[in-house]
Structures are given as structure tokens and as C-alpha cells.
Amino acid sequence: MVLINKVPSETLMESVDAALLRIDSATLLCKEPNFKWIIREHIISLLQEYEHLVPSVDTFTYNDGTTVNLLNVNGFVQVSECAPPIPLTIWIHPNYPNSPPSVFLPQTHGLHPFVDSTGVVTSQYLTTWTYPRSNLLDLLRNLVHLIAHHEAFFSSSELLFSNSSDPVKLEIFEHLVAMLQSDVVALQRKTEEEIEALSGLQAELVDRAGISTAIMLGVEHERSSLKQRVLDMTEEGDAMMHWLRACDPKSIISAIGNEIEATFEAEDIESEKVLESLAGEQAIEDVVYALDKAIMEGVISLGDYLKQVRILSREQFFYKAVLVNSRSSNTFSNLC
């Protein structure tokens, strides 16, 4: 068990101020005008909640081999009552608070998912560090929360490295290793089954995609065929309307009326009406005959046929009425 000595509250300010005085202002690159006061405020807020940490100045070595004297806060952090205190060091770099500090947990040996083999912490809070939203106190609170959710890593670390000659601890460790291996095998088997199921699903989706593509191509072909059919029917309709206009009895009578009048001359007005009625009735008979042939050959639709026959029948009725009236008179009594 590691004993933790608390820093007396009355010496808190003095220890922070003493550590800040040991830092050369030239080594601090922060562009804030009151950078030392910002750092002092962050450290004091941290130490007021975590009283087992103390500030100090030590030599920090970067990955490229350069060394510099940096302000740091180190000590032990109690994660929970069931777990031992964890040693921790927070290094404050020269461009703090615009860049995050470096946090080390030296005795975890890479067993925690957010700690590498050298003890460097790479939590989400550090990777998303943004001043002034981020500070040391919230950083450590977040780290304690992460450690509490993965307390088994630190328990295994202590069990493995504190006294490896203890047979009970070695047996427990071997049991944990066996459990982990069993879980890994089960997870691998489950992953393979899921991959196989997903592969089958992928093949089914590929088949469905092929069917959908074929359906879409068929629909597109049918759409093109229907479009062409509409164009053909439009042309046929135009031709039929032209034919109907050309075969209109009124147009025919108007076109050849002068010739008929020139050939046949009526003696009086009554005779002229009879002659016109006979000619109109005969012309209508010819048109109806032509419509019958057209409907039989499929040139026109049944609706158009009935419409034209209805119009012609109405006109033919008036012509016949004139002829009936004429036959009732003595002048045209022998009219067929």
C-alpha cells in the first residue's frame, strides 16, 4: 500500500509560486499577456481538488533528444477505494495553455487502452484540447473517469509486477490469461461467423441488384416502345383527321357544286331543292360506305366511326325530309 501525504492548504500557494519562479519566462511561448497567472490559476484549481499532487520543476526529454526544464504536477491519484493509488505526472509545455500538457502513468505498462507502452496518455480530452475550454482540472477528472472504467488493467498490472514470485498471484494471473485467451477465441469465432453471414448477405444483395437492374432496363425498353407507339398513333390520327376533312360531304358538295349546277339545271326553286337533297343523300351514302371500309381495315377507331356516322345520319335525315315533302306534292309524285 502506498501512503499519500497531503500538501497543507496553507503552503499550496507558496509551492505553486515557488515552482513558477524557477521557470524562465523565455522558455514559455504562450502569447497570452498573463500566461503565468493562467498557469498558476489552473494549477491551484487542480491542487485544491487533488491534494495529493505537488508542483515541481524537472528536466523533460523530448523524442528528438532535446531537454528542457518544465513545470510539472506529480503525485498519486486515488481512483477508487478498491484500487491502489496511481502515480501520475502532468508536464506543462512552454506553449501551454494553447497546447495540451503531457500526462504520464509510469506503472501501467501499456495495459490501459488509453496508455501506450511508455506510459503516455492519449485520451480524447487531450486530442481535442482547446483553450480556454480545456484546463488541468477537467483533464484529470476525465482521466480518473477513464481509469475507473478500466480498473481491471491496473489491478492486473499491480498483480503482475509487484511480486511475481507469489504462487497465488501467479495462479490468478495465469487464470486471467486463460480467460482472456478463451474470450479471444470465442470473439474470433463469432467474428468469423458474422463475416460469413455478411458475405452471404452481400451475395444476396448483389443478386438483387442484378434483378433490379434487369427490371429497370425492361421498364426503360417498354417506356421507349410506348413512346414510339404514341408517336405512331399521333401520326395515324393526323392522317385520319386529314382524310375526314377531305371526305366531308359539305366540302365535296362545295368543291363540285359549281360543276353539278353547270350540268344539271333545275326549272324552279323546288326542283333545285330536290336535286340538292338527292345529291347530298347519295354523297352521305358514299361517305358511310368509306367509313365502313375504314373501320373494317382498322384505320379508324370505333369511337371516331360512331361519331362521324352520327353526324352524317343527322344530315341525311334532313335531306330525306326534303324528299318526303317533295313526294307529297303532285309535282314530284313519281320521285323514287
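Residue numbers count from 1 along this sequence. In this text, all values refer to a predicted model and were calculated from it rather than measured experimentally.
- Applying the side-chain hydrogen bond (donor to acceptor under 3.5 Å, both in side chains) test to pairs two or more places apart or on separate chains, those with a residue in residues 282-298 are Glu285-Gln316, Asp292-Tyr305.
- When atom types are taken as modelled, the side chain of Thr66 and the backbone of Tyr62 share no donor-acceptor pair closer than 3.5 angstrom.
- A pairwise comparison of heavy atoms in Val73 and Leu47 identifies CG1-CD2, 3.9 Å as the closest pair.
- Of the possible polar contacts, one joining the Trp129 side chain to the Pro97 backbone as a donor-acceptor pair under 3.5 Å is found.
- The shortest side-chain heavy-atom distance between Tyr131 and Ile38 falls under the 4.5 Å cut-off.
- Looking at Val120 and Phe104, their side chains come closer than 4.5 Å, going by heavy atoms from C-beta outward.
- A donor-acceptor contact under 3.5 angstrom links the side chains of Asp232 and Gln228, judged on distance only.
- Put simply, the side chain of Val185 reaches to within 4.5 Å of the side chain of Arg189, judged on heavy atoms.
- In this structure, Lys190 does not pair ionically with Glu193, as no charged nitrogen and carboxylate oxygen lie closer than 4.0 Å.
- There is a path of hydrophobic side-chain contacts, each under 4.5 Å, that joins Ile284 to Trp243.
- Proximity of a side-chain donor or acceptor of Asn135 to a complementary backbone N or O of Asp138 within less than 3.5 Å is detected.
- One hydrophobic cluster holds both Leu306 and Met296 under the rule that ILVMFWY side chains link at heavy-atom gaps under 4.5 Å.
- Exactly one residue among Leu312, Ile311, Val309 makes a side chain to side chain contact (heavy atoms under 4.5 Å, CB included) with Val287. That residue is Leu312.
- Among residue pairs with one or both ends in residues 206-216, those qualifying as side-chain hydrogen bond (donor to acceptor under 3.5 Å, both in side chains) are Glu204-Arg208; sequence neighbours excluded.
- One hydrophobic cluster, built from ILVMFWY side chains closer than 4.5 Å, cannot hold both Met233 and Met241; they sit in different ones.
- At a threshold of 4.5 Å between non-hydrogen side-chain atoms, the residues Leu143 and Leu88 count as touching.
- You'll find the side chain of Tyr125 stays beyond 4.5 Å of the side chain of His145, heavy atoms only.
- Looking at heavy atoms from C-beta onward, Leu53 lies out of side-chain contact with Asn74 at the 4.5 angstrom threshold.
- Put simply, the side chain of Ser313 never gets that close to the backbone of Arg310: no donor and acceptor are under 3.5 Å apart.
- In this view, Glu192 and Gln188 satisfy the side-chain contact (heavy atoms from CB on, under 4.5 Å) rule, not counting sequence neighbours.
- Counting all heavy atoms, side chain and backbone alike, Leu136 lies closest to Pro101 at CD2-CG, 3.8 Å.
- Side-chain contact check for Leu71 versus Ile43: some heavy-atom pair is nearer than 4.5 Å.
- Under a cut-off of 6.0 angstrom, the local environment of CD in Gln202 is sparse, with at most 12 non-hydrogen atoms contributed by other residues, nucleotides or ligands.
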